[in-house]
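So the structure is just underneath, and the comments pick up after that.
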Amino acid sequence: MKDTLIYDAASMSRTPLHALVVALILMALAIGVWLWRRAHGQPFGGLAIWFAGASLLLLLVAGLTEYEKRGIATKVPLQVEGPVEGVWEKRTLRNPRKQEFWEWQGFRIRGVEFAYVRNTDTNYFNNAGAHRIDLVDGMRLRVHYLESQEGDAAERHIVRVERLVSGSTVSSNP
């Protein structure tokens with residue numbers, strides 16, 4: 001039996017692609033508005049400029065997230081494996097006027113704590129979309145993560161998650 005790969009930021013992150021798709025849609029809208037204005041004898045401007053500017057901004061975001069994704073692949077992550085403990089979920093208010101919330105989830109393995117926002121698009125694991133698993137206490141995982149220290153707090157970004165088959169002790173490197 002093999003361990004099951006749940007998520008790998010280097011090969012499974014779709015964040016740059018998502019930003020690129022939205023940028024292309026906005027550019028198509030800019031071109032459409034420009035053509036409509038041109039057909040009606042109006043100069044390039046207004047909504048066409050807004051769509052073009054938003055498209056360029058999203059192209060920049062797509063490029064930066066692709067750069068981040070490639071950077072993640074070059075770093076040597078830390079690793080912890082064992083049973084999941086203390087799974088929790090929490091909602092925090094993001095926008096009071098629209099009643100929008102951040103959906104948080106967290107857990108720990110062998111004393112190493114992880115927490116992440118689930119309803120956001122990122123190159124790191126957020127346990128959402130196609131890579132979602134139902135985390136339960138006792139589930140055995142191998143988690144590869146990058147850690148940065150700010151004061152007393154450690155920020156851990158999960159870059160790879162594997163579900164371990166019972167009795168598995170072999171470690172794999174990303």
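Only a predicted model underlies this, so the values are computations on that prediction, with no experimental measurement involved. We're numbering straight along the sequence, starting at 1.
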For [Y], does its backbone N or O pair with a side-chain atom of [X] as donor and acceptor, under 3.5 Å?
| X | Y | value |
| --- | --- | --- |
| N123 | T65 | yes |
| S55 | A23 | yes |
| N126 | T120 | yes |
| E66 | G63 | no |

I need the minimum non-hydrogen distance between [X] and [Y], along with the two atoms involved.
| X | Y | result |
| --- | --- | --- |
| A48 | A30 | O-CB, 3.6 Å |
| I72 | A9 | CG2-CB, 4.0 Å |
| E100 | L93 | O-CD1, 3.5 Å |
| R163 | L141 | CA-CD2, 3.8 Å |
| Y145 | V80 | CE2-CG1, 4.0 Å |
| L164 | G82 | CD1-N, 4.4 Å |

When rounded to the nearest 0.5 angstrom, what distance separates [atom1] in [X] from [atom2] in [Y]?
| X | Y | atom1 | atom2 | value |
| --- | --- | --- | --- | --- |
| L26 | F51 | CG | CZ | 7.0 Å |
| K98 | N95 | NZ | CG | 6.0 Å |
| L24 | L59 | CG | CG | 6.5 Å |
| Y124 | L146 | OH | CG | 5.5 Å |
| W50 | L29 | CH2 | CG | 9.0 Å |

Tell me, yes or no, whether the heavy-atom count around R132 atom CZ, taken from other residues, nucleotides or ligands under 6.0 Å, exceeds 12.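 For R132, atom CZ is crowded (more than 12 foreign heavy atoms under 6.0 Å).
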With a sphere of 6.0 Å drawn around CZ of R118, does it hold more than 12 non-hydrogen atoms of other residues, nucleotides or ligands?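 Enclosed: over 12 neighbouring heavy atoms sit under 6.0 Å from CZ of R118.
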Do [X] and [Y] share a hydrophobic cluster (ILVMFWY, side-chain heavy atoms under 4.5 Å, transitive)?
| X | Y | answer |
| --- | --- | --- |
| Y7 | I133 | yes |
| L64 | V21 | no |
| L5 | F114 | yes |
| Y67 | L58 | no |
| L35 | M27 | yes |

Side chain to side chain donor-acceptor pair (under 3.5 Å) partners for D137, two or more places apart: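 D137 satisfies side chain to side chain donor-acceptor pair (under 3.5 Å) with no residue once adjacent residues are dropped.
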With distance as the sole criterion, is a donor-acceptor pair present between the side chains of H157 and E147 under 3.5 Å?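 Their side chains do not contain a donor-acceptor pair, so the 3.5 Å distance test is not met.
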Are the side chains of E162 and T4 in contact, using a 4.5 Å heavy-atom criterion?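 No, every pair of side-chain atoms sits at 4.5 Å or beyond.
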Side-chain touch I6/R160, heavy atoms, less than 4.5 angstrom: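 I6 does not reach R160 side chain to side chain.
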Under 3.5 Å donor-acceptor pairs involving side-chain atoms of residues 101-113, not counting sequence neighbours:
unit_1: W104; atom_1: NE1; unit_2: T92; atom_2: OG1; d: 3.2
unit_1: Q105; atom_1: OE1; unit_2: Y116; atom_2: OH; d: 2.9
unit_1: Q105; atom_1: OE1; unit_2: N127; atom_2: ND2; d: 2.7
unit_1: Q105; atom_1: NE2; unit_2: E89; atom_2: OE2; d: 3.2
unit_1: R110; atom_1: NE; unit_2: E81; atom_2: O; d: 2.6

